[in-house]
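Every number for a ligand or one of its atoms is a count from 1 in the order of the listing. The structure displayed is predicted, hence computed values, not measured ones.
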Amino acid sequence: MPSPLPDAGWHLENSYASLPRIFHEPSQPEPVRRPAIAVFNHALASSLGLNPTILDSPEGAAIFAGNALPPGSRPLAQAYAGHQFGHFTFLGDGRAILLGEQIDPDGRRWDVQLKGSGPTRFSRRGDGRAALGPMLREFLISEAMHALGIPTTRSLAVTTTAESVRRESLLPGAVLTRIAASHIRVGTFEWAAASGDLDAASALVTYTLARHFPDTPVTDSPALALLNAVAARQASLIAQWQLVGFIHGVMNTDNMALSGETIDYGPCAFMDHYDPATVFSSIDHHGRYAYQNQPPIAHWNLTRFAEALLPLIHPDESSAIALAQDALRQFPESRDRLFYQGLRAKLGLVPDLPGDRALADDFLAWMHASRADFTNSFAALSNGHLPENTDNDVFQSWHQRWQQRLAAQSIPLDQSLALMRQHNPAVIPRNHKVEAALTAATAGDLAPFHLLLAIVTNPFNHGHIPDEFSQPGPANCSYQTFCGT
Ligand code: AMP
Ligand code: MG
């Protein structure tokens with residue numbers, strides 16, 4: 001392997017490798033032919049303390065494709081299990097490798113992971129590889145989510161290879177470099193529980209608390225403290241997804257990160273017209289992961305998390321169950337509270353008044369009944385306009401109530417609208433634009449991708465969004481996503 005770059009800014013540690021052996025497997029990325037950087041995130045590199053000029057180069061491509069290791073890397077594949085569509089399975093990184101943890105200039109720790117870097121012990125029948133389209137999709141949507149202010153893993157680079165991957169057809173191969181607060185999942189704890197190794201599970205509790213919840217007060221049950229802290233972050237995350245119409249699409253327990261970041265952008269998509277039953281994923285036949293099911297599914301996943309923690313919560317099983325149930329009971333309530341708090345901001349309502357929930361609910365009901373576009377309806381109100389299709393009594397009477405409510409609050413109208421514009425994006429990654437950009441990129445033209453990326457990473461710019469980026473696509477009722485591998 002070529003010698004590492006001296007001044008690229010790497011400052012890698014490998015704390016995960018110090019966890020008990022059951023959690024990781026040393027694993028080398030498998031080199032590819034002719035790696036080349038297709039997209040590089042300069043701003044993210046800088047914030048990590050990495051030198052973008054040095055790394056957006058053939059030398060950087062070698063690292064981000066897995067042909068060379070950055071200094072200090074001890075590459076490994078993580079072991080985890082998970083409930084996929086309700087069924088327990090042993091999984092693990094089948095096509096990902098953790099290079100190490102970059103310590104940024106503020107001392108924060110970030111996983112640097114290659115996705116699509118070749119087979120590992122956990123690959124089962126998979127090839128360990130990834131196709132360019134899905135990796136660019138993750139880059140685009142994760143960066144859009146970050147710009148929307150929603151906790152998410154980030155994308156540092158997509159590197160193309162001269163190798164094809166066989167899916168339904170032959171597709172150009174690529175490797176994504178993913179940055180995450182960590183890749184510890186609910187499924188990591190399910191793995192520990194299934195192994196029956198209580199000491200290992202306990203070490204993982206200590207590690208996760210220290211890494212993600214360092215301010216948690218010390219109690220006699222760290223596992224219970226962890227359950228409470230993780231549930232609170234998930235309540236916030238799910239509320240934030242729903243406030244922008246985001247549908248994750250594959251909320252298996254292995255895709256729920258304990259850091260509270262959105263992770264795994266396979267079949268996710270944003271809804272256009274507001275319909276709580278919206279599902280995009282081609283494999284989600286029963287709508288398990290539909291827009292409106294995201295809170296109960298997150299609760300279900302947290303229940304699996306609690307089960308994995310039970311022996312650590314309390315030595316007596318029935319006491320442990322009672323404590324876990326108390327913790328879990330708070331989840332739906334806190335998701336509701338945060339969701340309505342967000343809706344109030346989206347409607348410019350300050351402070352909280354008794355009729356506000358009903359006012360927000362009635363707006364959602366109107367959008368549902370009239371198939372109004374979720375993003376554009378809120379954006380129109382924020383800009384002092386009427387949404388489309390408002391020539392009806394239901395909307396008119398709602399609008400009157402809303403205006404009276406705004407007039408009665410202490411801040412002037414223009415301030416309320418300014419608040420709304422901070423909470424209502426002018427643009428989201430529209431499904432047809434995403435597809436068009438990925439199709440062009442797969443055929444070798446990255447220009448539409450870069451244009452779309454620039455638009456969706458500046459979502460609160462209510463200035464001039466070209467119509468083609470803000471309008472829902474024509475095919476939008478039949479839009480389907482695939483677990484892009
Ligand atoms: P995901 O659907 O991306 O959350 O992945 C679920 C599991 O399948 C994880 O254990 C992945 O590592 C594994 N997996 C997905 N695609 C591949 C692939 N092409 N080769 C090997 N393992 C894969
Ligand atoms: Mg996954």
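Each of the following atoms of ligand 1 lies closer than 4.0 Å to a heavy atom of Q84: 6 (C). Counting atoms of ligand 1 from 1 in the listed order, those under 4.0 Å from a heavy atom of R124 are 7 (C), 8 (O), 10 (O), 13 (C). Numbered from 1 in the order shown, with element, the atoms of ligand 1 that lie under 4.0 Å from a heavy atom of R167 read 19 (N). The contact set between ligand 1 and G128, taken as ligand atoms under 4.0 Å from a residue heavy atom, comprises 18 (C), 19 (N), 20 (N), 21 (C). Of all the atoms in ligand 1, the ones that sit under 4.0 Å from a non-hydrogen atom of L91 are 7 (C), 10 (O). Close contacts between ligand 1 and N255 involve ligand atoms 4 (O) [criterion: under 4.0 Å to a heavy atom].
Scanning G94, A131, P267 for the heavy atom closest to atom 11 (C) of ligand 1 points to G94.
A salt bridge links R154 to E143: at least one charged side-chain nitrogen sits closer than 4.0 Å to a carboxylate oxygen. A salt bridge is defined here as a Lys NZ or Arg NE, NH1 or NH2 lying under 4.0 Å from an Asp or Glu carboxylate O, and D111 with R211 meets this definition. Ion pairing between a basic and an acidic side chain is recognised when a charged N comes within 4.0 Å of a carboxylate O; D275 and R371 show no such pairing. Look at D264 and K115 and you find a salt bridge, because one of the NZ, NE, NH1 or NH2 atoms lies within 4.0 Å of a carboxylate O, short of that distance.
When distances to the Mg ion (ligand 2) are checked against a cut-off of 2.8 Å, D264 contributes an N, O or S atom below that limit. Taking 2.8 Å as the threshold, N255 counts as a candidate ligand of the Mg ion (ligand 2), since one of its N, O or S atoms lies below it.
Residue-level proximity to ligand 1 for Y80 is carried by the side chain, the only part with a heavy atom below 4.0 angstrom.
Below 30°, between 30° and 60°, or above 60°: for F85 and Y289 the angle between ring planes is between 30° and 60°, a tilted geometry. Between Y265 and H248, the angle of the ring planes lies from 30° to 60°, which puts this pair in the tilted group. Between Y16 and F23, the two ring planes are perpendicular [angle over 60°; tilted spans 30° to 60°].
Considering backbone and side-chain N/O atoms, D93 never comes within less than 3.5 Å of an N/O atom of ligand 1.
Within a 6.0 Å sphere centred on CZ of R166, other residues, nucleotides and ligands contribute 12 heavy atoms or fewer.
Under the 4.0 angstrom criterion for non-hydrogen atoms, G266 is not in contact with ligand 1.
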